[in-house]
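A short write-up of the structure that comes next.
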Amino acid sequence: AQRVTQPEKLLSVFKGAPVELKCNYSYSGSPELFWYVQYSRQRLQLLLRHISRESIKGFTADLNKGETSFHLKKPFAQEEDSAMYYCALRGGGFKTIFGAGTRLFVKA
Amino acid sequence: SAVISQKPSRDICQRGTSLTIQCQVDSQVTMMFWYRQQPGQSLTLIATANQGSEATYESGFVIDKFPISRPNLTFSTLTVSNMSPEDSSIYLCSVEGGTGGGGTEAFFGQGTRLTVV
């Protein structure tokens with residue numbers, strides 16, 4: 001079965017502090033993993049995907065197959081990073097399933 | 001990329017009635033996906049809609065409650081039938097798009113916020 005787990009519902013950090021949003025997955029094959037973000041009053045949009053190994057808005061995420069994790073990291077959080085973040089897995093049947101989401105709140 | 005328009009953006013409906021949500025995409029896509037996002041919850045896949053065939057429903061969702069149409073490669077509708085307050089949610093339409101360099105990405109409509117009273 002496909003499953004995505006985000007253990008933290010809310011993460012609150014100060015501006016300039018490092019951020020790590022945790023994501024673990026369960027999938028028997030080779031998954032595609034993504035982080036999606038939803039800013040206030042905006043639609044859900046892609047932040048980054050593991051296949052491209054890129055850094056977007058200072059965020060990075062490394063796929064660790066041994067630990068089945070895909071944690072999202074940023075060394076210095078900014079206030080504009082405050083949003084809802086969803087880890088997602090695209091596996092069998094071309095379906096994308098989502099974790100429960102983590103709300104990041106960056107305090108001034 | 002894909003641009004998705006959903007209508008209506010929000011509605012307040014009486015219990016026992018039905019609401020049809022429309023999803024229009026600016027390009028032809030094979031599969032369209034309908035999700036539900038209940039208050040404070042994550043996105044849950046309702047069904048996958050393919051053009052020319054019946055939609056494939058996820059566990060816990062049935063066609064009688066959520067009938068779906070897919071008349072062509074750019075359009076789909078989701079109907080929420082015989083509504084109850086438990087159906088109050090945001091309903092999202094989604095499609096997949098290819099990305100440069102490989103891989104896929106999901107694109108989303110702005111959502112339909114449904115309140116059942």
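None of these values were measured; they are calculated from a predicted model. Numbered from 1 within each chain, the chains take letters A, B, ... in sequence-line order.
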Under 4.5 Å from a heavy atom of chain A, the part of [X] involved:
| X | value |
| --- | --- |
| B/Gln37 | side chain |
| B/Leu43 | both |
| B/Gln110 | both |

In terms of heavy-atom contacts, does [atom1] of [X] have more than 12 from other residues, nucleotides or ligands at under 6.0 Å?
| X | atom1 | answer |
| --- | --- | --- |
| A/Gln42 | CD | yes |
| A/Tyr39 | OH | yes |
| A/Glu79 | CD | yes |
| A/Lys73 | NZ | no |
| A/Lys107 | NZ | yes |

Same apolar cluster (I L V M F W Y, side chains within < 4.5 Å links), A/Ile56/A/Leu21
yes
Check whether any side-chain heavy atom of A/Tyr36 sits under 4.5 Å from a side-chain heavy atom of B/Glu105, and report yes or no.
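A/Tyr36 vs B/Glu105: side chains touch.
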Report yes if some heavy atom in the side chain of B/Leu92 is under 4.5 Å from a heavy atom in the side chain of A/Arg43; otherwise report no.
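Heavy-atom side-chain distance check fails, nothing below 4.5 Å.
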What's the separation between atom CG in A/Leu44 and atom OH in B/Tyr35, rounded to the nearest 0.5 Å?
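Reported to 0.5 Å precision, the distance equals 9.5 Å.
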Donor-acceptor contact below 3.5 Å, side chain B/Ser42 vs main chain A/Gly101
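Here the side-chain-to-backbone pair does not exist.
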